[in-house]
Asks: 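Before I ask anything, here is the structure I am working with.
Order of the sequence lines fixes the chain letters, A, B, ..., with proteins taken first and strands second; residue numbering starts at 1 for each chain.
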Number of protein chains: 2
Amino acid sequence: MDQTTPASSPMANAADKAASISDAGPAAPTTGTPAFSPLYQQIKGLILQSLQAGEWKPGDLIPSELELAGRFRVSQGTVRKAIDELSADNLLVRRQGKGTFVATHSEQQVQYRFLRLEPDSGNRASQGPAERQILDCRRLRAPAEVARMLGLRSGEPVFEVRRVLSFQGVPTILEDLWLPGDPFKGLSSETLANHQGAMYALFESQFGVRMVRANEKLKAVAADAESAQTLGVAPGFPLLSVERVAYTYNDTPMEYRRGLYRTDHHHYHNELS
Amino acid sequence: MDQTTPASSPMANAADKAASISDAGPAAPTTGTPAFSPLYQQIKGLILQSLQAGEWKPGDLIPSELELAGRFRVSQGTVRKAIDELSADNLLVRRQGKGTFVATHSEQQVQYRFLRLEPDSGNRASQGPAERQILDCRRLRAPAEVARMLGLRSGEPVFEVRRVLSFQGVPTILEDLWLPGDPFKGLSSETLANHQGAMYALFESQFGVRMVRANEKLKAVAADAESAQTLGVAPGFPLLSVERVAYTYNDTPMEYRRGLYRTDHHHYHNELS
DNA sequence: CAGTGGTCTAGACCACACT
DNA sequence: GTGTGGTCTAGACCACTGC
């Protein structure tokens, strides 16, 4: 970043840098919308790139604000604002006195960040940990709908996993999920079965895939014969259907999931604001 | 706020003010946890008080940051951080060049902020506006569960409303809702029926009650005979049960609502992060 | 043009964690 | 004590809105 004159005022300096990142020409914005982007947004983008590139892995301590400020040639306040937003997006976690860390699904604290099913009485702690059972895991060519949801071409290899989650011995969730074959090369029933804790923690540690956000579509459906048997309910029993697409950095879809939840002793919790 | 010496350094000054707001005594914190609260949090609290007191009503322009900074004797940056958080909580809306406004449910933009049901194909705009039908509105003594949810004593007066929402002529949502009698004095079927737009907009304009956040519990249930007839489905048809408690400023519960959603052509949308 | 929110900087001090 | 993030201030300039 060329700095000709050390700048008379702070902002003139900052404007130079912003221009040097977004624009190429010396001046004269020809576009109707000059696409002005604040410096801190550009810094945010640079940090995001490092996260995507795996320069800092989940759980890692990233450089201090002052160090990043030096690296990017901006003030600490600007780095702070960038980290503020990344922290609000759950990509980074700040800990006063210690530093800023890359968020991870492995912390006990956020083990079930994406599982919104809760017992009607008591809390998650009181019902004990979920019991996981892998029913199936196979590699196959993506059916049309799965391919569409994962942004793949029909027929590209994917992994298909079927599993059951039970609480206090009661089978409660039956899920099918599909993962793109390339990033998850080597996935097997054994890998899944041998792992304790949330599945997304395994994806992080074994495949370097961090799920960042997800969209869900919920419907009420009647249990078919097979699902009913697996979940221990009568056919036709009302089940909560949860269809999820989960994304990693960059809004790349990395998982398509279809779940059937028993809601006779649990409910799906949601907070609106 | 007493300021003896104009302060040698900025922060010493700020610390004085913080102490003058939270503490009463001159010094010597006796409690084990001094309950340190940042200045901007205190400012946030003061702004919140003005909102609760109705000093600024939904849609109103509030004083500029500079003016508030002067009023509270803090810097603009501190007011800014307070407003940042209130804005993130959807209590205020900033508009560059114009000012900061009290958020409202009346804007077309956020008409359906709390309604998460979406058509399976197309979007909300394509299906046209919801058709609202009030089936019943009566004043009665709160049943035990309703009282519990609203933080009232059993038997205190509440309003009970039953309504149906239809999309493109298809009855899709059947809802019962309960409102505390005192704040909603004068509510009637006519009031509700004559109003166009979201119900929460009516609550704002007619009763000065602004809903700020809500918790929902979702379950899949089978339609009983009455619900089935109203919604035009067969008894036993799977419906999405949505139980909601909505809160105004101050986390005071102001509405308890139970809805049954048809999800054969719609789904409940949720974003996880 | 003035007024508003939005961005950026520089520097000070506080609260917290480790050593 | 040192280093980290957290808070606060003061001042400058940018981008947008409306007179």
Asks: Just how far, in rounded Å, is P of D:dG6 from CD of A:Q76?
Replies: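 Whole-Å distance recorded here is 10 Å.
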
Asks: Can a donor-acceptor pair be found between the side chains of B:E118 and B:Y268 at a distance below 3.5 Å?
Replies: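 On atom types as modelled, these side chains do not qualify, holding no pair under 3.5 Å.
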
Asks: Hey, what do you get for CZ (A:R213) to CG (A:D89), rounding to the nearest 0.5 Å?
Replies: 10.0 Å

Asks: Just how far, in rounded Å, is C1' of D:dT4 from CG of A:L68?
Replies: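 Rounding to the nearest Å, CG of A:L68 and C1' of D:dT4 are 13 Å apart.
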
Asks: What is the distance, to the nearest angstrom, from the CD atom on B:E65 to the C1' atom on D:dG11?
Replies: 15 Å

Asks: Identify which nucleotide among C:dC8, D:dA10, D:dG5 has an atom closest to any side-chain atom of B:S75, counting heavy atoms from C-beta outward.
Replies: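 Comparing C:dC8, D:dA10, D:dG5 against the side chain of B:S75, the answer is D:dA10.
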
Asks: Output yes when A:E175 and A:R257 qualify as a salt bridge under the 4.0 Å nitrogen-oxygen rule, no when they do not.
Replies: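 A:R257 and A:E175: salt-bridged.
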
Asks: Tabulate atom names and distances for all N/O pairs under 3.5 angstrom spanning the protein and nucleotides 17-19 of chain D.
Replies:
none

Asks: Checking B:R95 against B:F101: charged group under 6.0 Å from the ring centre and within 45 degrees of the axis?
Replies: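 Yes, B:R95 and B:F101 form such a contact.
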
Asks: Report the relative orientation of the aromatic rings in B:F184 and B:F207; use parallel for angles under 30°, tilted for 30 to 60°, perpendicular for over 60°.
Replies: tilted

Asks: Given D:dA15, C:dT4, D:dC8, which nucleotide is nearest the side-chain atoms of A:F36?
Replies: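 So the side chain of A:F36 is nearest to D:dA15.
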
Asks: Check every atom of D:dC8, C:dT4, D:dT9 against the side chain of B:S64 and return the nucleotide holding the closest atom.
Replies: C:dT4

Asks: Side chain of A:V74 only, please: which of C:dT9, C:dC8, D:dT7 is the nearest?
Replies: C:dT9

Asks: Donor-acceptor pair under 3.5 Å: do we get one between B:R80's side chain and the base of C:dG6?
Replies: yes

Asks: Take the protein atom CG of A:L66 and the nucleotide atom C1' of D:dT2, then report the distance between them rounded to whole Å.
Replies: 13 Å

Asks: Rounded at 0.5 Å granularity, tell me how far CZ in A:R116 sits from CD in B:E216.
Replies: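 If I round to the nearest 0.5 Å, the distance is 11.0 Å.
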
Asks: For a quick test of reading the model, state the closest non-hydrogen atom pair linking A:M254 to A:P180 and the distance between them.
Replies: O-CD, 3.2 Å

Asks: Where does DNA chain C form stems of at least three consecutive Watson-Crick or G-U wobble pairs, each pair having both distances below 3.5 Å?
Replies: C:1-18 with D:1-18

Asks: Whole Å only: how far is the CD atom of A:E67 from the P atom of D:dT4?
Replies: 8 Å

Asks: Could you state the atom-to-atom distance from CZ of A:R95 to C1' of C:dC16 in whole Å?
Replies: 13 Å

Asks: To the nearest Å, give me how far apart NZ (B:K81) and C1' (C:dG6) are.
Replies: 16 Å

Asks: Check the angle between the aromatic planes of B:F203 and B:Y200 and answer parallel, tilted or perpendicular using the 30° and 60° thresholds.
Replies: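 If you compare the ring of B:F203 with that of B:Y200, the planes turn out tilted.
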
Asks: Expressed as a whole number of angstroms, how long is the span from B:L92:CG to C:dG5:C1'?
Replies: 13 Å

Asks: What residue among A:V74, A:I83, A:T100, A:I43 forms side chain to side chain contact (heavy atoms under 4.5 Å, CB included) with A:L68?
Replies: A:I83

